[in-house]
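Notes follow once the structure below has been shown.
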Amino acid sequence: MTEKLSDTARKTVLAPLLDNGWSMVEGRDAIVKTFTFEDFTQAFAWMTRAALWAEKWDHHPEWFNVYKTVKVTLSTHDVGGLSTLDAKLARKMDSL
Ligand code: HBI
């Protein structure tokens with residue numbers, strides 16, 4: 001069963017993400033990052049790669065694509081906040 005990130009886990013798991021362009025969403029236990037690409041097709045290709053990982057892990061982003069940017073918000077609906085799944089997907093997104 002997925003659980004909300006503990007305070008300790010937040011320090012170890014979230015810190016590297018917050019140092020890499022992710023930030024906490026105001027008033028919500030979630031993280032957000034805007035990715036910018038060369039053009040729309042690069043943005044959409046990245047979304048496609050990310051979507052395959054989201055589907056494989058059964059953990060899906062909230063995202064908004066405008067032209068060459070993709071704003072990604074991650075939180076775990078099942079626990080009402082951040083879990084290790086969000087950190088895992090964030091790390092994967094940063095690597096794609
Ligand atoms: N994606 N972000 C996110 N959070 C969830 O809780 C979640 C999900 N994708 C699928 C999923 N949960 C399934 O386990 C069902 O709860 C829909």
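Below, each value reflects all heavy atoms present in this structure, side chains not excepted, and no hydrogens, waters or symmetry copies. Just so you know, these numbers come straight off a predicted model, no measurement behind them. One-based numbering, in listed order, for ligands and for the atoms of each.
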- Message: Give me the residue, atom name and distance of the protein heavy atom closest to atom 9 (N) of ligand 1.
- Response: His60 ND1, 2.8 Å

- Provide the number and element of each atom of ligand 1 under 4.0 Å from a heavy atom of Ser75. 2 (N), 3 (C), 4 (N)

- Which of the listed options, Asp78, Asp58, Thr2, holds the heavy atom that is closest to atom 10 (C) of ligand 1? Asp58

- Item | Per-atom contacts, ligand 1 versus Thr76 - under 4.0 Å to a heavy atom | 4 (N), 6 (O)

- Give the contacting part of Ala54 toward ligand 1: side chain, backbone, both or neither, where contact means a heavy-atom distance below 4.0 Å. neither

- Message: Contact between ligand 1 and Pro61 is defined here as a heavy atom of the residue under 4.0 Å from a ligand atom; is it met?
- Response: no

- Task: Output, in order, the C-alpha distance, side-chain angles, deciding distance and verdict of side chain to side chain contact (heavy atoms under 4.5 Å, CB included) for Val70 and Trp46.
- Result: CA-CA 9 Å; Val70 184; Trp46 179 86; 3.9 Å; yes

- Task: Would you please indicate if the ring centroids of Trp22 and Phe35 are separated by under 6.0 Å?
- Result: yes

- Please determine if Lys71 forms a cation-pi arrangement with Trp63, meaning its NZ or CZ atom is less than 6.0 Å from the six-membered ring centre and no more than 45° off the ring axis. no

- To the nearest 0.1 Å, how far is atom 4 (N) of ligand 1 from its closest protein heavy atom, and which atom is that? His77 N, 3.0 Å

- Query: Closest heavy-atom contact between Thr76 and Ser83?
  - Reply: OG1-OG, 2.6 Å

- Salt bridge flag under 4.0 Å for residues Asp29 and Arg10: yes

- Message: Is the shortest side-chain heavy-atom distance between Thr34 and Val72 below 4.5 Å?
- Response: no

